[in-house]
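Some notes on the structure that comes next.
Read the numbers this way: they start at 1 and go in the same order the structure lists the ligands and their atoms.
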Amino acid sequence: MVSYEDAALLVALLPGDGIGPEVITQARRVLDALAIDGLTFEEALVGGAAYKSTGHPLPPETLDLAKRADAILFGAVGDPDCDALERHLRPEQAILGLRKELSLFANLRPATLFPELADASALRPEVATQIDMIIVRELNGDVYFGEKGMRKTADGKREGYDIMSYNEDEVRRIARVGFETAMARGKKLCSVDKANVLETSQLWRDVVIETHAEYPEVALSHMYVDNCAMQLVRNPGQFDVIVTGNLFGDILSDQASMCAGSIGMLPSASLDSNQKGLYEPIHGSAPDIAGQGKANPLATILSAAMMLRYSLNLPAMADRIDAAVAKALAAGARSPDLGGTMSTSEMGEAVLAALS
Ligand code: IPM
Ligand code: MG
């Protein structure tokens, strides 16, 4: 976390692939309109775009910029042209590499429904309007980063494998983020695992229970991930903060986004232990609509607001963005994912108009 006194604040802009550049452009316009003293930007290639021009999805210059910056605003990675590459060269490795190299272990994914969007939710409005939660997803471990490979079985069949593991330190540090997040909100934490089947999850549950002793004011519950998927649709209003592992959090946060209106609306923060962070919309690169001006930039604009709040210590500026998004929606701004016809730049303009 930086302080107001710092002369310059450097934001790394990593637009990436697909709709990434389009949505980052709109977030940049909103940040520029705030005219924040000393805020500077440097842009770099990432993902498939970086692979195509440098041969690597996370070139050293990009990693260096990410390390130097006070915060990172990230678009999306993923490009069907790159799907046949060896895994370490695929665009997705760029975001996984940034998360790991910068120790961005805590992923905060708020799912809140703007009341104006109750009709855009996949759920009935009276169920959807209850949604107000944060999913705290672990980002540096789990099956994402375990040993993986392809091998042959004894009888010559192809077999793929990915090892799932968590050690207790990894669980404890994300559990603390979960409890801290709950302390700042409704003091309810639901830890999601699959402890009825997985040893990884049994350790997860044991360590979360131990960590609870540090936060006696928080009401802790545990839920199996399959039940959680069901409860998110049945009664999402029951959740305040969910803490879960990397894989379960990936899946549940996409699901929560549709309950909350559209995946085009949900921002996220990926933080290290000093509140340095990478901010990105939770949607991907959406190659099917890339370059057509159909993408909803609001998730990225809201990610920029999270960046101002969590890493740049500018909460009043963050509030201004959040309020402008709400005002634009109230005035009827709707991209196709929200049932409207406005283009990516028209959505950005609606937010700019609501800022002033
Ligand atoms: C996400 C994305 C990534 C993930 C992909 C692009 C590697 O789905 O941020 O949720 O699985 O973490
Ligand atoms: Mg995902």
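For atom 9 (O) of ligand 1, the nearest protein heavy atom (residue, atom name, distance) is R99 NH2, 2.7 Å.
Residues L314 and R309 fail the side-chain proximity criterion, which asks for heavy atoms closer than 4.5 Å.
Between atom 1 (C) of ligand 1 and the options R109, E92, R90, E280, the minimum heavy-atom separation is to R109. Proximity annotation for atom 10 (O) of ligand 1: of D250, I282, L247, D250 comes nearest, heavy atoms only.
R234 and Q231 share a donor-acceptor pair across their side chains, judged by distance under 3.5 Å alone. In this model, a donor atom of one side chain and an acceptor atom of the other lie less than 3.5 Å apart for S311 and Y279.
Residue contacts with ligand 1 for H283 are absent, since no atom lies close enough (heavy atoms, distance under 4.0 Å).
For E199, the CD atom sits in a loose shell: 12 or fewer heavy atoms of surrounding residues, nucleotides or ligands are nearer than 6.0 Å.
Below 4.0 Å from some heavy atom of R137 lie the following atoms of ligand 1, by number and element: 1 (C), 4 (C), 9 (O), 10 (O), 11 (O), 12 (O). Counting atoms of ligand 1 from 1 in the listed order, those under 4.0 Å from a heavy atom of Y144 are 4 (C), 11 (O), 12 (O).
At least one N/O/S atom of D250, whether from backbone or side chain, sits less than 2.8 Å from the Mg ion (ligand 2).
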Checklist line | Derivation of the salt bridge (Lys or Arg N to Asp or Glu O under 4.0 Å) call for D169 and R173 | finding: CA-CA 6 Å; D169 292 344; R173 71 175 179 174; over 6 Å; no
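The side chain to side chain donor-acceptor pair (under 3.5 Å) contacts involving residues 115-130 comprise R124-E126, where partners must be two or more places apart or lie in separate chains.
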